There are 2 protein chains.
Amino acid sequence: MAKTKKKESQWETATNEKLAEAGFRRGGARAAVVSLLDEQSCALSAYEIEELLAARERAVGRASIYRILEQLDELGVVSKVELGQAQARYEPIRPDHHHHHLVCDKCGAVIAFDDAPLERAVDSISKRVDFAVEGHEIVLHGLCADCR
Amino acid sequence: MAKTKKKESQWETATNEKLAEAGFRRGGARAAVVSLLDEQSCALSAYEIEELLAARERAVGRASIYRILEQLDELGVVSKVELGQAQARYEPIRPDHHHHHLVCDKCGAVIAFDDAPLERAVDSISKRVDFAVEGHEIVLHGLCADCR
DNA sequence: CTAGCGATGAGACTGATTCTCAGGCTAGCT
DNA sequence: AGCTAGCCTGAGAATCAGTCTCATCGCTAG
């Protein structure tokens, strides 16, 4: 598949702006990772990112991938989620698409879901505890429709 | 510290019964792990378990700790929780104490909390999705009172 | 008391993630 | 456009949690 110049989404643009504001220089590796993440609707593992980038025209070193993901996480544009699979996954944070995950204990499939009442319950707790809550992660696990 | 014969709690007793029912023989290593877990009110990592047991009179091999924890998890008497700290934690499941965790991003402190509306929201979702939900894990992260 | 077989643990191994450090490239200055 | 300081990269070593292997130990039934 030829590399086509895609239109940058709001997330990629906003991320690049935040990187610049935070004093980061531009770099090919980071641009490739940001661009790849922007195309995803759900979480990718570092290994998947490495493979996907290698399969394109732009391989990025493993150390760079982890470094970049950490920077993006700190900037608050990427969310690191641990789904109990012995590896972390990362996904872009889009203001209009907050969601959580269902994880199949058998095949490892990851399915996204969102639920307003759940969010409200979490927000309510966040205000009640003596703790500056900055984020939350909710994982439901069990068996997916195929494995059941 | 001298080893004192403590009174077994309901959890330890029930766990030993389930182990026997499941056909497991008795063993010193497993008894030590079960006894240690019974004293905890919140989650311990495998490494902490290894250290705590070594600090007592009863060191247990790492392989045994993981094996035992896995058996207890399968029996449904222990819960494996991933708090995004690159290591799993384990805690006894007591029928009267279902709870979730607040994790401090700075010092790593783990604080338990429970909330009925949150549980109801999760139960509600569990019934709506095309997925056999067997369990859930909710982690709020941010800064604890000390680190703020 | 003894044999059979589950329980245990030392240590090798695996897989994910982090660290190190030499060389490349960007951004700012002339 | 040319130059340079210092951030950006990536190859590979190091680390760390967790898993596997296998010889030995020690319950328990008989």
Side-chain angles (χ1 to χ4, degrees), chain A residues 15-36 43-54 56-75 78 80-90 103 105 108 110, chain B residues 15-16 18-36 43-54 56-75 78-90 103 105 108 110:
Chain A
T15 295
N16 284 328
E17 273 170 20
K18 285 193 186 173
L19 283 166
E21 277 169 30
F24 287 101
R25 288 187 182 174
R26 290 205 243 132
R30 189 156 47 220
V33 171
V34 169
S35 178
L36 176 69
L44 287 183
S45 66
Y47 183 64
E48 288 168 346
I49 292 171
E50 185 172 6
E51 279 202 320
L52 286 169
L53 288 173
R56 297 176 164 203
E57 78 295 334
R58 182 60 217 256
V60 172
R62 191 176 311 134
S64 299
I65 291 175
Y66 281 107
R67 190 188 306 115
I68 291 164
L69 288 172
E70 190 187 332
Q71 294 164 348
L72 295 176
D73 188 23
E74 274 171 20
L75 275 181
V78 150
K80 177 180 181 177
V81 296
E82 313 256 352
L83 302 178
Q85 295 174 143
Q87 60 174 307
R89 286 172 172 274
Y90 301 82
V103 179
D105 291 333
V110 175
Chain B
T15 296
N16 285 328
K18 285 192 186 175
L19 283 167
E21 277 168 31
F24 287 102
R25 287 188 184 174
R26 289 205 243 136
R30 189 156 46 219
V33 172
V34 169
S35 178
L36 176 69
L44 286 183
S45 66
Y47 183 65
E48 287 168 345
I49 291 171
E50 186 172 6
E51 279 201 320
L52 286 169
L53 288 173
R56 297 179 164 199
E57 77 297 331
R58 184 60 217 256
V60 172
R62 191 178 314 136
S64 299
I65 291 175
Y66 282 108
R67 189 186 306 116
I68 292 165
L69 255 13
E70 190 186 331
Q71 293 165 347
L72 295 176
D73 188 22
E74 274 172 19
L75 275 180
V78 150
S79 168
K80 178 178 181 178
V81 296
E82 313 255 353
L83 301 178
Q85 295 172 141
Q87 60 176 303
R89 286 172 172 273
Y90 301 82
V103 179
D105 291 333
V110 174

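Naming convention: chains lettered A, B, ... in sequence-line order (proteins, then strands); numbering from 1 in each chain. Values below: all heavy atoms of this structure, side chains included; hydrogens, waters and symmetry mates excluded. Everything numeric in this text was worked out from a predicted model, so none of it was measured.
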Just the rounded figure in Å: distance from [atom2] of [N] to [atom1] of [X].
X	N	atom1	atom2	value
A/Ile65	D/dC8	CD1	P	17 Å
B/Ile49	C/dT8	CD1	P	14 Å
A/Leu44	C/dA16	CG	P	15 Å
A/Gln85	C/dT14	CD	P	22 Å
A/Ile68	D/dG10	CD1	C1'	10 Å
B/Arg67	C/dA7	CZ	C1'	7 Å
B/Leu69	D/dT19	CG	C1'	13 Å
B/Asn16	C/dA7	CG	P	14 Å

Least distance between heavy atoms, [X] atom then [Y] atom:
X	Y	result
B/Ala32	B/Val60	CB-CG2, 4.3 Å
A/Asp73	A/Val78	OD1-O, 3.1 Å
B/Ala88	B/Glu82	CB-OE2, 4.1 Å
B/Val81	B/Ala43	CG2-CB, 4.0 Å

Q | From B/Ile49 atom CD1 to B/Leu69 atom CG, the distance as rounded to the nearest 0.5 Å | A |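 Rounded to the nearest 0.5 Å, the CD1-CG separation comes to 4.5 Å.
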
Q. CZ of A/Arg56: more than 12 outside heavy atoms within 6.0 angstrom?
A.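 Enclosed: over 12 neighbouring heavy atoms sit under 6.0 Å from CZ of A/Arg56.
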
Q.
Show, in sequence, the C-alpha distance, side-chain angles and deciding distance for A/Leu36 and A/Arg58, and conclude whether the side chain to side chain contact (heavy atoms under 4.5 Å, CB included) test is met.
A. CA-CA 10 Å; A/Leu36 176 69; A/Arg58 182 60 217 256; over 6 Å; no

Q.
When you compare the side chain of B/Arg62 with that of B/Tyr66, does any pair of heavy atoms fall below 4.5 Å?
A.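 Yes, their side chains come closer than 4.5 Å.
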
Q. Hey, are the side chains of A/Gln71 and A/Arg67 touching, using non-hydrogen atoms and a 4.5 Å cut-off?
A. yes

Q: Ignoring the backbone of A/Arg58, work out which of D/dC20, D/dT9, C/dT8 is nearest its side chain.
A: D/dT9

Q: Please check the phosphate of D/dC8 (OP1 and OP2 only) for any side-chain N or O of A/Arg30 closer than 4.0 Å.
A: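 True: A/Arg30 side-chain N/O within range (under 4.0 Å) of D/dC8 OP1/OP2.
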
Q.
If you apply the rule side chain to side chain contact (heavy atoms under 4.5 Å, CB included), what do you find for A/Glu70 with A/Glu74, and how did you get there?
A. CA-CA 6 Å; A/Glu70 190 187 332; A/Glu74 274 171 20; 3.6 Å; yes

Q. When we call it a touch if two heavy atoms are under 4.0 Å apart, what does A/Gly28 touch: a base, just sugar-phosphate, or nothing?
A.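 Answer is sugar-phosphate: A/Gly28 comes under 4.0 Å of backbone atoms only.
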
Q) Please walk me through it: do A/Leu75 and A/Thr15 pass side chain to side chain contact (heavy atoms under 4.5 Å, CB included)? A) CA-CA 9 Å; A/Leu75 275 181; A/Thr15 295; 5.7 Å; no

Q.
Reading DNA chain C from 5' onward, which residue's closest nucleotide shows up sooner: B/Ala63 or B/Gly23?
A. B/Gly23

Listed pairs, N/O of protein and of nucleotides 14-18 of chain D, under 3.5 Å:
from: D/dG18; atom 1: OP1; to: B/Ala88; atom 2: N; distance (Å): 2.6
from: D/dG18; atom 1: OP2; to: B/Tyr66; atom 2: OH; distance (Å): 2.6
from: D/dG18; atom 1: O5'; to: B/Tyr66; atom 2: OH; distance (Å): 3.4

Pairs: protein N or O with nucleotides 27-30 of chain C N or O, under 3.5 Å:
none

Q: For the helix from C/dC1-D/dG30 to C/dT30-D/dA1, measure the angle between the helix axis at one end and the axis at the other, each built from five pairs, rounding to 10°.
A: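 Axis angle across the helix from C/dC1-D/dG30 to C/dT30-D/dA1, nearest 10°: 30°.
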
Q) With distance as the sole test, does A/Arg26 use its side chain to make a donor-acceptor pair with the main-chain N or O of A/Asn16 at under 3.5 Å? A)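 Checked: no pair found.
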
